[in-house]
Student: 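A single structure is presented below for examination.
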Amino acid sequence: EVSSGQIQIEQMREGVRVKMAQEILFPSGSSQLEEGGRSVISRVAEQIRDDSALVTVEGHTDNVVISASLKRRFPSNWELAGSRAASVVRVLSEGGVPPERLRAVSRGPFAPVAPNDTREGRAQNRRIEILLRPLPSM
């Protein structure tokens, strides 16, 4: 997934950011991980479960309005992004990452990494980001 560009790992001053394209994790309009997506997240869990980092999972969407057929379940992109982040957090926890180190955050369409005026740009904006940061000192 990394070599194909579907997963990007970025070292930042405050930690590590792992970006994953929605296409490898979720079917369109769904927050239920596909089997391949579950496998990817399980492998991430194996790598970070013994780490002492705070793990924030951010759900991101494009700016396309939720379709009428999905509005009952996801009234807006906020709910879709949040539900996707929660699904990833659940699998990380099942994979041994201590739940007290996990957070699920919805960013919805409000933190795009590309313009939403092309299909390619919207695809880049539909993503999950896992942020690993040192735990705050007590």
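Bear in mind that the values here come from a model prediction, so they are computed numbers and not experimental data.
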Student: Applying the 4.5 Å side-chain criterion to the ILVMFWY set and letting contacts propagate, would I9 and V44 be lumped into a single cluster?
Tutor: yes

Student: Rounded to the nearest 0.5 Å, how far apart are CG of D62 and CZ of R119?
Tutor: 12.5 Å

Student: Is the closest side-chain heavy-atom distance between I48 and L92 below 4.5 Å?
Tutor: yes

Student: Please check: side-chain N/O of E79 versus main-chain N/O of S76, any donor-acceptor pairing under 3.5 Å?
Tutor: yes

Student: Indicate every side-chain donor-acceptor pair of residues 20-30 with a distance under 3.5 Å to a residue at least two apart or in another chain.
Tutor:
{"unit_1": "Q22", "atom_1": "OE1", "unit_2": "R126", "atom_2": "NE", "d": "3.1"}
{"unit_1": "Q22", "atom_1": "NE2", "unit_2": "F26", "atom_2": "O", "d": "3.1"}
{"unit_1": "S30", "atom_1": "OG", "unit_2": "Q32", "atom_2": "N", "d": "3.0"}

Student: Using atom types as modelled and distance alone, determine if a side-chain donor or acceptor of S87 lies under 3.5 Å from a backbone N or O of S83.
Tutor: yes

Student: A side-chain contact here means heavy atoms from C-beta on lying under 4.5 Å apart; do K71 and V65 qualify?
Tutor: yes

Student: Are there over 12 heavy-atom neighbours, none belonging to E46, within less than 6.0 Å of that residue's CD?
Tutor: yes

Student: Once rounded to the nearest 0.5 Å, what's the spacing between atom OG1 of T56 and atom CZ of R103?
Tutor: 4.5 Å

Student: For residues A85 and G59, report the shortest heavy-atom separation together with the two atoms involved.
Tutor: CB-N, 3.8 Å

Student: Would you say the side chain of V91 lies within less than 4.5 Å of the side chain of S42, judging by non-hydrogen atoms?
Tutor: yes

Student: Other than I66, which residues form its hydrophobic cluster under the rule that side-chain heavy atoms must be closer than 4.5 Å?
Tutor: L70, F74, L80

Student: So, does Q11 use its side chain to make a donor-acceptor pair with the main chain of G15 at under 3.5 Å?
Tutor: yes

Student: Do the side chains of V55 and I130 get nearer than 4.5 Å, heavy atoms only?
Tutor: yes

Student: Ignoring hydrogens and angles, state whether a donor on the side chain of S39 or R43 is under 3.5 Å from an acceptor on the partner side chain.
Tutor: yes

Student: Would you call Q8 and R127 a side-chain contact if the rule is heavy atoms closer than 4.5 Å?
Tutor: no

Student: So, taking the atom named CZ in R101 and the one named CG in L132, what distance separates them when rounded to the nearest 0.5 Å?
Tutor: 8.5 Å

Student: Looking at every non-hydrogen atom in both residues, tell me the closest pair between P98 and R49 and how far apart they are.
Tutor: CD-O, 3.8 Å

Student: Can you tell if the side chain of P109 reaches within under 4.5 Å of the side chain of N116, non-hydrogen atoms only?
Tutor: no

Student: I'd like to check V113 versus K19 (side-chain heavy atoms, cut-off strictly below 4.5 Å). Are they in contact?
Tutor: yes

Student: Taking all heavy atoms of L102 and all of V89, pick out the closest pair and write down the distance.
Tutor: CD1-O, 3.7 Å

Student: Is there a chain of hydrophobic side chains (I, L, V, M, F, W, Y, each step under 4.5 Å between heavy atoms) that links V97 to I7?
Tutor: yes

Student: What I'd like to find out is whether the side chain of L131 reaches to under 4.5 Å of the side chain of E14, using heavy atoms alone.
Tutor: no

Student: Does W78 offer a backbone N or O that forms a donor-acceptor pair with the side chain of S106 under 3.5 Å?
Tutor: yes

